[in-house]
Amino acid sequence: MGDDSSRSIVSSLKNEWALFWEAFQGDEEVTEETKSAFESGKLDVLSLSQVREITKALIEDRKRINQKLETLNKEIDLNSVKLDSLRLVGAEEQETMNRIHELNDMGQGFAFALQKLDEQLRAVRDKEVEIQEEEAEL
């Protein structure tokens with residue numbers, strides 16, 4: 001079940017990125033080179049304003065993932081309290097344990113996605129600084 005939730009998270013992030021990219025491009029002519037610039041790490045084809053828009057979107061994505069992690073932590077805490085209560089009264093706890101494990105797996109998936117997002121953000125910010133330095137030299 002953990003692998004499925006990780007795949008689902010990654011899939012939804014890919015979908016969000018595709019939607020962002022489509023919205024970001026707007027009426028501009030989109031070339032295959034520009035589309036894959038971010039995925040391939042070739043940010044050279046992007047302008048400073050495009051890089052800044054990507055940075056802004058990545059920051060928003062990071063904020064959403066952090067909010068999801070906070071929500072997961074709250075739900076894990078609630079289920080932990082419920083588990084303690086079930087143990088005190090001697091009731092069946094397997095369903096609650098399964099839910100806690102499922103939430104932990106989801107949290108690991110979000111943490112992995114957050115790590116990847118931070119790497120992308122770092123690369124985009126480095127490119128932004130590089131473009132600014134090139135413009136300052138001109």
Side-chain angles (χ1 to χ4, degrees):
M1 198 178 295
D3 288 338
D4 290 339
S5 66
S6 295
R7 283 188 210 116
S8 174
I9 291 166
V10 171
S11 176
S12 75
L13 285 174
K14 284 181 180 179
N15 288 338
E16 284 182 27
W17 176 254
L19 288 173
F20 163 74
W21 190 256
E22 184 178 316
F24 176 70
Q25 289 298 317
D27 294 332
E28 274 185 42
E29 182 179 324
V30 180
T31 64
E32 196 58 41
E33 180 183 8
T34 305
K35 250 185 188 180
S36 66
F38 189 78
E39 287 95 6
S40 67
K42 296 178 182 175
L43 296 172
D44 296 334
V45 297
L46 301 176
S47 69
L48 182 59
S49 62
Q50 289 173 318
V51 171
R52 285 184 176 154
E53 286 296 318
I54 290 172
T55 302
K56 189 193 264 184
L58 289 172
I59 290 170
E60 286 298 313
D61 287 347
R62 184 172 63 182
K63 187 193 298 185
R64 273 190 235 112
I65 291 173
N66 279 324
Q67 288 171 342
K68 289 178 183 179
L69 280 170
E70 286 177 25
T71 303
L72 275 176
N73 282 333
K74 289 176 185 175
E75 191 171 344
I76 288 171
D77 288 343
L78 289 172
N79 277 289
S80 295
V81 169
K82 179 180 176 183
L83 182 63
D84 289 340
S85 297
L86 289 172
R87 285 181 177 160
L88 285 174
V89 297
E92 178 59 38
E93 58 189 56
Q94 190 59 42
E95 185 178 321
T96 305
M97 284 294 294
N98 289 341
R99 181 65 181 154
I100 290 172
H101 291 302
E102 180 183 324
L103 293 169
N104 279 327
D105 290 345
M106 289 173 62
Q108 288 175 354
F110 282 132
F112 180 74
L114 189 60
Q115 178 186 5
K116 290 294 183 187
L117 193 90
D118 283 340
E119 290 171 5
Q120 292 172 342
L121 189 57
R122 203 171 304 117
V124 170
R125 284 185 173 156
D126 288 345
K127 182 60 182 175
E128 183 177 354
V129 168
E130 182 182 317
I131 292 172
Q132 288 173 338
E133 289 173 351
E134 287 174 2
E135 288 180 356
E137 290 175 0
L138 298 176

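Numbering starts at 1 and runs along the sequence shown.
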S.K.: Hey, quick one: are F110 and I100 part of the same hydrophobic cluster, counting side-chain heavy atoms closer than 4.5 Å, chains of contacts allowed?
M.R.: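 No; I100 is not reachable from F110 via cluster members.
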S.K.: Out of curiosity, K82 NZ to S80 OG, how far, rounded to the nearest 0.5 Å?
M.R.: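 Output value for this atom pair is 11.5 Å.
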S.K.: Any side-chain heavy atom of D84 sitting closer than 4.5 Å to one from L88?
M.R.: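 They are not in contact (no side-chain heavy atoms under 4.5 Å apart), so the answer is no.
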S.K.: Does a side-chain heavy-atom distance below 4.5 Å link R52 with K56?
M.R.: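 With C-beta onward as the side chain, the pair stays apart.
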S.K.: What is the minimum heavy-atom distance between I65 and A113, and which atoms define it?
M.R.: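 Result for this residue pair: CD1-CB, 4.2 Å.
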S.K.: Nearest 0.5 Å, please: how far is CG in L48 from OG1 in T55?
M.R.: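 Answer rounded to 0.5 Å: 9.0 Å.
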S.K.: Could you state whether M106 and L83 fall into the same hydrophobic cluster, counting links through intermediate Ile, Leu, Val, Met, Phe, Trp or Tyr residues with side-chain heavy atoms under 4.5 angstrom apart?
M.R.: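 No, it is not one cluster - the side chains of M106 and L83 are not joined through contacts under 4.5 Å.
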S.K.: Do you know the tightest heavy-atom contact between L117 and L58?
M.R.: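 Of all heavy-atom pairs spanning L117 and L58, the closest is CD2-O, 3.4 Å.
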S.K.: In chain order, what residues pass the side-chain contact (heavy atoms from CB on, under 4.5 Å) check against A91, with sequence neighbours excluded?
M.R.: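 Only L86, V89 meet the side-chain contact (heavy atoms from CB on, under 4.5 Å) criterion with A91.
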S.K.: Which side-chain N or O atoms in residues 69-76 pair as donor and acceptor under 3.5 Å with protein atoms at least two apart or in another chain?
M.R.:
{"unit_1": "T71", "atom_1": "OG1", "unit_2": "Q67", "atom_2": "O", "d": "3.0"}
{"unit_1": "N73", "atom_1": "ND2", "unit_2": "L69", "atom_2": "O", "d": "3.4"}
{"unit_1": "E75", "atom_1": "OE1", "unit_2": "R99", "atom_2": "NH2", "d": "3.4"}
{"unit_1": "E75", "atom_1": "OE2", "unit_2": "R99", "atom_2": "NE", "d": "3.0"}
{"unit_1": "E75", "atom_1": "OE2", "unit_2": "R99", "atom_2": "NH2", "d": "2.5"}

S.K.: Could you walk me through whether E60 and K63 pass the salt bridge (Lys or Arg N to Asp or Glu O under 4.0 Å) check?
M.R.: CA-CA 5 Å; E60 286 298 313; K63 187 193 298 185; 3.8 Å; yes
S.K.: Does any part of the side chain of R125, heavy atoms only, come nearer than 4.5 Å to the side chain of I59, both counted from C-beta?
M.R.: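 Yes; the side chains approach each other to less than 4.5 Å.
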S.K.: Taking atom types as modelled, find out whether Q94 and N98 have a side-chain donor-acceptor pair closer than 3.5 angstrom.
M.R.: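 Yes, a side-chain donor-acceptor pair sits under 3.5 Å.
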S.K.: Is it true that, when you exclude E95 itself, more than 12 heavy atoms of the residues, nucleotides or ligands shown sit nearer than 6.0 Å to its CD?
M.R.: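 No, because the 6.0 Å sphere around CD of E95 holds 12 heavy atoms or fewer from other groups.
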S.K.: Would you compute the distance between atom CG of D61 and atom CG of D118 and round it to the nearest 0.5 angstrom?
M.R.: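 That separation rounds to 11.5 Å.
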S.K.: Answer yes or no: is there an ion pair linking E130 with K127, defined by an N-O contact shorter than 4.0 Å?
M.R.: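 Answer for the salt bridge query: yes.
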